[in-house]
Participant: 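A single structure is presented below for examination.
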There are 2 protein chains.
Amino acid sequence: MKAAGLVVEYNPFHNGHAYHLKEAIAQTESEVAIATMSGSFLQRGEPAIVSKISRTRMALQNGVDIIVELPYVYAVQKAETFAEGAVSILSSLGCDSLFFGSESGNIRSFLEAASQYNTNRSHIDQLAQSFLKEGNSYPKAMSLALKGAFCSKQPLDLSKPNNILGFHYVKAIVDKKLGMKPATSKRISAEFHDPLLPSRNAGIASATSIRKELLGSLQTKSSEPYLPKASVSELGAYYHSYQIWHTLESYFPFLKYRLNSMTKQDLQKIYEVEEGLENRIFKAIKHAHSFQEYMETLKTKRYTWTRLQRMTVHILTNTTKKDVENALFESTVPCIRLLGFSLKGKEYLSAIKKDSKSTVVSKASSVSHPSLELDLKASRVYGAAISEPMQSRFSKEEFSDLPILYDEQNKTFLR
Amino acid sequence: MKAAGLVVEYNPFHNGHAYHLKEAIAQTESEVAIATMSGSFLQRGEPAIVSKISRTRMALQNGVDIIVELPYVYAVQKAETFAEGAVSILSSLGCDSLFFGSESGNIRSFLEAASQYNTNRSHIDQLAQSFLKEGNSYPKAMSLALKGAFCSKQPLDLSKPNNILGFHYVKAIVDKKLGMKPATSKRISAEFHDPLLPSRNAGIASATSIRKELLGSLQTKSSEPYLPKASVSELGAYYHSYQIWHTLESYFPFLKYRLNSMTKQDLQKIYEVEEGLENRIFKAIKHAHSFQEYMETLKTKRYTWTRLQRMTVHILTNTTKKDVENALFESTVPCIRLLGFSLKGKEYLSAIKKDSKSTVVSKASSVSHPSLELDLKASRVYGAAISEPMQSRFSKEEFSDLPILYDEQNKTFLR
């Protein structure tokens, strides 16, 4: 069976995702859609609005055949590491193609940029270093370096977030000489982080604007025109069960508590806490009433907001430099947690089993792996925002030992 | 000025404490009453129902002249270490006597027991070791050893909690050859942990029963017959400001969050976490919906409930074995934080200043000391149970740089 790979967060799964999925299947002429999805915490350094279990259920009902977790150690990372992890996982699952949305929509421009990068790598890296030294953030420096190196021959606008991600996907495929064919289509939602819902007729809005609506009204009502039915019902069920849609503010009491009981030495051990940031972090938390206030005090030109959010998520989850080192080192043999599959997905996995270079884990508790440990810890921390006794119910669901199985013909969950 | 020393928790200050204070002054013929008071967390391994600031205000209005903090490193400890710390502090403040309540009420029996212990120390310690090996808890083993060593000549019932504390006070005074005279009176409240309020006429009830009433009704009303007016008004003001009376249940979400994001190696570093307890702790937290449930799963015959509560408070405050070692080592030169004083107390402190062997700290932020660091951390963790934006207001009060000053003549706070 021909399989298309997707890198997703589905936060939550909306009409744009459904459109993108259809395009992926059609353009790549695939029979199976495989998604690697961030778990509890996302690339921008924030919690998913609902659990990975709930988002897996949305994805299955909307036609994704296999959903595996993108491990925390790749999911909460800068674009390059995020892309490398995602691409490795999809490749090890035998995907024939990798399909992604981008502002460009032209796959040739990505291939060209990746090949240009490969031939000018040391020059570009040097340029980036000098832009970094001038006080630019890492993405800004990288973007400037690529522009500088390519001059007018620059085929791709690397100031756009989805183009950047796409560039790193394609670069990873080229670098690692993976047999996956990259493909892209133009995103139809105007802007990645467009905070306003468009007119209802369009039926497509950005995930950011949908989350904003959900959090504002605590109901799915105003977002319904932009969401498939399954998403509406899963979101409703989640809120009904746990009385929460997760945001960074949900974790602020825990963040403050942790920082309040940490020494400078403890903080230095946390991943992405660079020298000199510790005092700034302690100062920022001291008088902050909210996550927003904390971030505003912490923000500096040197680091992007997203970079500081990711670092803060690592503080929250107590993820140390050593944890990440161990997990990345061990991940040379990927350990992939299966979150859910359709009957077709099940058939596909059985078929590839004998040739697979990776371990697909169904029972998280049966395997000991440093990367998986971080995912489980992230899940437990994610649950902290849910009040008791609901938190214990959440844990039962989150740490269920078997992946979700969906009968796509009869539209029912078999487990 | 002749000074009487008291070791207190005032959780909260009630009529029994007022009676005890009067007796102390009268029996020891003192002009000044000095109390060393546990701060945020107490000897039984639980948070004080209201902050140390609020309890200091109660004590000053009820006639205590000087209140200094009993550091966390002594306050949340077994009787022996608790007593040694308290006695050292009161001695370094120039107290002429140490006055304590006990079930016995006879100071001769304490002096005799302490002297008997001193002459039979190695024998008693050996006996205690063998009782420990038989699976008894530490206090039980110690009590049995003392009984065994003294046979019928045992002058003191060491199964009573206040007799045990008193024994350790007197032992510490004798051991360290301090110039303080110990004195005691019989406690009039029937039992230390008597959970039921007595008939209203008596006017005296145990702190345990008063807390139970406060927590049950969230009002001071039914406890008012047992509390001085100042306590009623301070308790009311605290609840009004922060919407909380602190219990271990208030901290359960933070405890669960911490344990959920800790490794076994992290847990082993925590003070009082003995080998073999780690797995038991993780297991206990996993399915617990409440602190009570956690404790019930954790409890074993080998350790007392109190010992396990203290250990859990150390987990909550992230107090490591190394932290305690450093703080106790540095405490050979006591660093004493002044929480509040009356005008008479102020005069006393000025008078003893030149002879004092200790440092009385008024501005906690101006001194760096490992023991003080632990107190400040405990205060920050204590604040975690208060919701924002009240938590920030609490911090402002808790970390105020100047001790409380009370004009006892005009019954007003000068700051």
Side-chain angles (χ1 to χ4, degrees), chain A residues 249-267 269-270 282 285-294 313-320 322-323 326 365 370 373-374 376-396 398-399, chain B residues 249-267 269-270 282 285-294 313-320 322-323 326 365 370 373-374 376-396 398-399:
Chain A
E249 294 296 351
S250 323
Y251 296 90
F252 182 68
F254 298 101
L255 175 69
K256 191 165 182 175
Y257 160 68
R258 179 172 294 278
L259 283 169
N260 272 338
S261 53
M262 249 179 161
T263 63
K264 196 173 164 180
Q265 289 71 39
D266 293 334
L267 192 49
K269 289 181 191 148
I270 298 295
F282 282 131
I285 202 71
K286 199 172 175 185
H287 300 293
H289 294 61
S290 65
F291 193 85
Q292 183 69 22
E293 269 188 31
Y294 158 81
V313 164
H314 299 317
I315 297 171
L316 184 71
T317 55
N318 192 27
T319 303
T320 63
K322 205 166 183 71
D323 286 338
N326 290 342
S365 65
E373 289 298 321
L374 292 187
L376 294 173
K377 185 167 70 168
S379 275
R380 292 192 301 264
V381 169
Y382 186 78
I386 302 171
S387 305
E388 295 290 352
M390 285 101 78
Q391 188 181 142
S392 300
R393 204 194 313 151
F394 166 87
S395 303
K396 231 174 169 174
E398 185 86 357
F399 301 110
Chain B
E249 294 295 351
S250 323
Y251 297 90
F252 182 68
F254 299 101
L255 175 69
K256 191 165 182 174
Y257 160 68
R258 179 172 292 279
L259 283 169
N260 272 338
S261 53
M262 251 178 159
T263 63
K264 196 173 164 179
Q265 289 72 38
D266 294 334
L267 192 49
K269 289 181 191 148
I270 299 295
F282 283 131
I285 203 70
K286 199 171 176 187
H287 300 292
H289 294 60
S290 66
F291 192 86
Q292 184 68 23
E293 269 188 30
Y294 157 81
V313 165
H314 299 317
I315 297 171
L316 183 71
T317 55
N318 192 27
T319 303
T320 63
K322 205 166 183 72
D323 286 338
N326 290 342
S365 64
E373 289 298 322
L374 293 187
L376 294 173
K377 186 167 69 168
S379 275
R380 292 192 301 265
V381 168
Y382 186 79
I386 302 171
S387 305
E388 295 291 353
M390 285 103 78
Q391 187 180 144
S392 300
R393 204 194 312 152
F394 165 87
S395 304
K396 229 174 172 176
E398 184 86 356
F399 301 109

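None of the values given here were measured: they were computed from a predicted structure. A note on names: the letters A, B, ... follow the listed sequences, proteins ahead of strands, and every chain is numbered from 1.
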Participant: Distance check, rounded to the nearest 0.5 Å: Glu388(B) atom CD versus Phe291(A) atom CZ?
Facilitator: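 If we round to the nearest 0.5 Å, Glu388(B):CD and Phe291(A):CZ are 13.5 Å apart.
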Participant: Relative to chain A, which of Thr319(B), Thr317(B), Leu316(B) shows the most heavy atom pairs under 4.5 Å?
Facilitator: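 Going by pairs under 4.5 Å, I would pick Leu316(B).
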Participant: Given side chains that start at C-beta, do those of Arg380(B) and Ser261(A) come closer than 4.5 Å, heavy atoms only?
Facilitator: no
Participant: Report which part of Phe399(B) has an atom under 4.5 Å of a heavy atom belonging to chain A: side chain, backbone, both, or neither.
Facilitator: neither
Participant: Quick check on the interface: out of Pro389(A), Ser395(A), Ala378(A), who has the most heavy-atom pairs with chain B under 4.5 Å?
Facilitator: Pro389(A)
Participant: If you count heavy-atom pairs under 4.5 Å with chain A, which of Gln391(B), His287(B), Lys286(B) comes out on top?
Facilitator: Gln391(B)
Participant: Could you tell me the separation between the OG atom of Ser379(B) and the CZ atom of Phe394(B), rounded to the nearest 0.5 Å?
Facilitator: 6.0 Å
Participant: Which atoms of Asp323(A) are under 4.5 Å from chain B, going by heavy atoms: the side chain, the backbone, both sets, or neither?
Facilitator: neither
Participant: Is there side-chain contact between Gln292(A) and Glu249(A), with heavy atoms separated by less than 4.5 Å?
Facilitator: yes
Participant: Does the ring centre of Phe254(A) sit less than 6.0 Å away from the ring centre of Tyr257(A)?
Facilitator: no
Participant: Highest number of heavy-atom pairs under 4.5 Å with chain A: which of Met262(B), Arg258(B), Glu373(B), Lys256(B)?
Facilitator: Arg258(B)
